[in-house]
Protein chains: 2
Amino acid sequence: MPISDAESVVMDVLWRSRVPMSAEDVVAALASSSDWREATIKTLLNRLLGKRAISATRDGKRYLYSARLKREDYVHTESKGLIDRLFGGRVAPLVAHFSEAGKLSKKDLAELRRLIEELDNDA
Amino acid sequence: MPISDAESVVMDVLWRSRVPMSAEDVVAALASSSDWREATIKTLLNRLLGKRAISATRDGKRYLYSARLKREDYVHTESKGLIDRLFGGRVAPLVAHFSEAGKLSKKDLAELRRLIEELDNDA
DNA sequence: ATTGATAGATTACAGACGTAAATGAAGAAG
DNA sequence: CTTCTTCATTTACGTCTGTAATCTATCAAT
């Protein structure tokens with residue numbers, strides 16, 4: 001089952017914490033960046049449980065939630081999906097697209113150069 | 001308004017044709033790659049009209065549809081959205097991700113090398 | 001003019017999503 | 001033991017999506 005946009009925001013909170021979090025913790029973590037009511041966040045936690053993207057272990061009265069889906073896997077699925085749909089499944093055309101749109105920063109450029117070089121050296 | 005996945009499949013057909021197409025043409029173009037009923041495609045065309053992503057000009061009995069939203073713009077919105085959400089808004093980390101996952105083909109590598117070189121030369 | 005075909009417009013309907021309120025159960029307080 | 005509090009679970013509800021069927025208007029044929 002795919003993780004929805006709203007759900008992924010909650011996942012982000014859990015991914016950032018290496019420790020299991022209570023619902024209250026999650027609510028607190030999102031207090032500044034979102035204006036979701038607590039009930040909304042509870043719903044999202046439950047849907048994520050249903051999708052088995054997170055797990056919950058009882059801690060007395062409440063539960064502690066932690067990510068079960070790995071961020072890397074999520075990122076990969078999403079990215080591959082987009083690259084398959086829009087760029088024929090290859091990464092270079094995406095980079096070319098951003099290059100042509102003038103959307104490659106100096107930093108990007110430098111990092112890409114370093115990456116390529118590194119790959120060339122070790123292949 | 002965002003273009004949905006199903007709608008984008010119809011857009012693809014229109015993007016590929018430099019000529020306006022009738023609904024029947026679109027149905028024909030999708031016959032092999034999808035198993036949508038004609039009614040479904042009509043619905044999608046109408047929704048795209050509603051979103052003003054395509055335009056229709058009467059041609060006797062029927063309409064001829066053509067893309068109004070440019071593919072480049074669509075691709076850019078989608079790609080930027082993903083890169084912002086998952087890679088801090090920069091392209092290089094996405095490439096790094098695929099590199100680490102061992103998902104950069106020889107072809108990708110070569111193309112990236114060429115791209116970087118070209119950008120270096122002209123900057 | 002009536003009838004049949006055809007293309008577009010309207011309606012349908014279940015599931016996902018964003019957003020949340022209401023309810024229920026279990027522990028804390030008195 | 002009864003009551004309050006606090007979580008979690010259930011229910012809600014409008015919109016969007018995927019997927020179509022049906023209705024309607026118009027053009028062609030008789």
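All heavy atoms count here, side chains included; hydrogens, waters and symmetry mates do not. Just so it is clear: chains get the letters A, B, ... in the order the sequence lines come, proteins before strands, and each one is counted from 1.
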Would the base of D:dA8 count as contacting A:K42 through its side chain, where contact means a donor and an acceptor less than 3.5 Å apart? yes

A:D35 CG to C:dT19 C1', straight-line distance once rounded to whole Å: 10 Å

Nearest to side-chain heavy atoms of B:N46, which nucleotide of C:dT10, D:dC7, D:dT17: C:dT10

Name the closest nucleotide to the B:A23 side chain, picking from D:dC7, C:dG8, D:dA20. C:dG8

Taking only the side-chain heavy atoms of B:R47 (C-beta and beyond), determine which of C:dA7, D:dT19, D:dA8 contains the nearest atom. D:dT19

Separation of atom CD1 in A:I3 from atom P in C:dC17, rounded to whole Å: 9 Å

Test salt bridge (charged side-chain N to carboxylate O under 4.0 Å, His left out) applied to B:D12 and B:R71, step by step: CA-CA 8 Å; B:D12 257 327; B:R71 183 177 143 90; 3.5 Å; yes

Scan A:V10, A:V9, A:L69 and name whichever one has a side chain to side chain contact (heavy atoms under 4.5 Å, CB included) with A:I3. A:L69

Roughly how many Å is it from CE in A:M1 to C1' in C:dA16, rounded to a whole number? 12 Å

Would you say A:T40 places a side-chain N or O within less than 4.0 Å of OP1 or OP2 belonging to C:dT19? no

Nucleotide D:dT19, atom P - distance to CG of B:L44 in whole Å: 8 Å

Of A:A39 and B:A39, the one whose closest nucleotide on DNA chain C sits nearer the 5' end is B:A39

Under 3.5 Å, side chain of A:D108 to main-chain N/O of B:V91, donor-acceptor pair present? yes

Which nucleotide in C:dG8, C:dG18, D:dT17 has an atom nearest any side-chain atom of B:K51: D:dT17

Let's see if you can work this out: which of D:dA21, D:dA8, C:dG8 has an atom nearest to the side-chain heavy atoms of B:Y63? C:dG8

Does any donor-acceptor pair link the side chain of A:S4 with the base of C:dA16 at a separation under 3.5 Å? no

Would you say the side chain of A:L86 lies within less than 4.5 Å of the side chain of B:S79, judging by non-hydrogen atoms? yes

Side chains of A:D25 and A:S22: donor-acceptor distance under 3.5 Å anywhere? yes

D:dT19 C1' sits how many Å from B:L45 CG, rounded? 14 Å

Just to confirm, is there a sub-4.0 Å distance from OP1 or OP2 of C:dT19 to any side-chain nitrogen or oxygen of A:W36? yes

Atom-pair distance (NZ on A:K61; C1' on C:dA29), nearest Å: 13 Å

Consider the side chain of A:D5, meaning its heavy atoms from C-beta on, and name the nucleotide among D:dA8, D:dT19, C:dG18 that approaches it most closely. C:dG18

Whole angstrom value for the distance that separates P of D:dT17 from CD1 of B:I41: 18 Å

If you take atom types as modelled and just measure distance, does the side chain of A:R62 reach the base of D:dT9 with a donor-acceptor pair under 3.5 Å? no

When the nearest nucleotide of DNA chain D is assigned to A:S22 and to B:R37 on a heavy-atom basis, which residue is associated with the more 5' position? A:S22

Working for side-chain contact (heavy atoms from CB on, under 4.5 Å), residues B:Y65 and B:M21: CA-CA 5 Å; B:Y65 301 92; B:M21 300 174 83; 5.6 Å; no

Side chain of B:P2, heavy atoms from C-beta onward: which of D:dT17, C:dA20, D:dA20 has the nearest atom to it? D:dT17

So B:A6, base contact, sugar-phosphate only, or nothing? Heavy-atom distance under 4.0 Å. sugar-phosphate

Calculate the interatomic distance between B:L48 atom CG and D:dC16 atom P; express it in whole Å. 14 Å

